[in-house]
Peer 1: 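Before we start, here is the structure in question, set down as structure tokens.
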Amino acid sequence: MRKLIIAGNWKMNKGLGETRSFLQAVVPQLNKLDLGRVIPLVAPAYPFLTEALREAFASPLMVSAQDVSERNDGAYTGEVSAPMLASLGLKYCIIGHSERRQYHCETDASVNQRLFKLLDQGLVPIVCIGETLAQRDAGDTEKVVLSQLEGGLKDLKLESGTEIIIAYEPVWAIGTGRTATPQQAQEVHAIIRKWIGETYGQSVAQNLSILYGGSVKPDNIKELLECSDIDGGLIGGASLKENDFLAMINTAIGLT
Ligand code: 13P
């Protein structure tokens with residue numbers, strides 16, 4: 001069975017004190033749960049990764065970065081590299097988030113470079129893809145998502161033991177309160193899994209977790225997770241509240 005990942009992307013929210021208090025409230029609760037194949041994960045901002053790793057130490061909570069440089073070292077002011085993230089003991093990193101694409105000129109090609117930098121360090125990339133509203137309205141969703149996959153995963157050979165996670169986040173559903181319906185999300189997830197199967201084989205496709213992101217909250221997560229190709233959520237706003245985060249994890253446990 002695939003991992004069911006409940007991932008909180010905190011974006012540019014929570015400073016040191018808030019990171020600590022969230023984790024001090026949530027980690028003891030997670031320690032009491034029988035999580036099975038459910039993986040809880042949070043992605044705080046860079047300065048607080050160490051604190052998050054410390055608070056999550058020896059617990060089931062995984063910690064992720066929100067981005068990584070496409071280069072390993074050198075004169076790139078403000079950048080954080082994959083070897084630096086690996087040196088923290090981090091296991092996961094989000095790449096290609098639509099906000100990075102929109103505000104920081106990330107492209108499929110630069111996502112692809114990041115992907116390899118992470119894999120070289122043994123980190124698991126969480127690769128975000130998704131169409132804009134204009135692209136959906138033009139009937140281009142499948143074309144856009146497949147071209148993001150082709151570009152972002154270019155030259156990738158998924159050998160056994162190499163893990164990646166895909167997150168489908170329709171841009172029009174992010175932070176808008178307008179969640180994709182389970183049918184809309186499932187349709188695209190099935191397209192993604194089919195492409196993975198054709199490209200890497202059925203065993204890779206059946207083991208790869210594909211997360212949905214875009215206005216996921218405690219009220220709507222169950223119907224999304226019930227879809228056969230949705231293996232978790234990449235959650236922004238609703239992951240910032242301890243109780244909502246725990247509620248979504250409990251919903252996921254209830255479905256396993
Ligand atoms: P919201 O859950 O706030 O819509 O954000 C989704 C997202 O972008 C997660 O990466």
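Numbering of ligands and ligand atoms starts at 1, following listing order.
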Peer 1: What pairs of residues pass the salt bridge (Lys or Arg N to Asp or Glu O under 4.0 Å) test when at least one of them lies in residues 195-210, not counting sequence neighbours?
Peer 2: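 Output for this query lists Lys194-Glu198.
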Peer 1: Would you please test Trp10 and Phe22 for ring-ring contact (aromatic ring centres under 6.0 Å, His included) and show each step?
Peer 2: CA-CA 11 Å; Trp10 287 357; Phe22 180 101; 4.8 Å; yes
Peer 1: For residues 183-203, pull every pair meeting ring-ring contact (aromatic ring centres under 6.0 Å, His included), keeping only residues two or more places apart or in separate chains.
Peer 2: Tyr168-His189
Peer 1: Are His97 and Glu169 linked by a side-chain donor-acceptor pair shorter than 3.5 Å?
Peer 2: yes
Peer 1: Pairs in or reaching into residues 133-165: which pass ring-ring contact (aromatic ring centres under 6.0 Å, His included), with residues at least two apart or in two chains?
Peer 2: none
Peer 1: With a 4.0 angstrom cut-off on heavy atoms, strictly below it, pick out the residues next to ligand 1 and order them by chain and number.
Peer 2: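 Answer by chain and number: Asn9, Lys11, His97, Glu169, Ala173, Ile174, Gly175, Gly214, Ser215, Leu234, Ile235, Gly236, Gly237.
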Peer 1: Is it true that Asp108 and Gln148 share a donor-acceptor pair across their side chains at a distance under 3.5 Å?
Peer 2: no
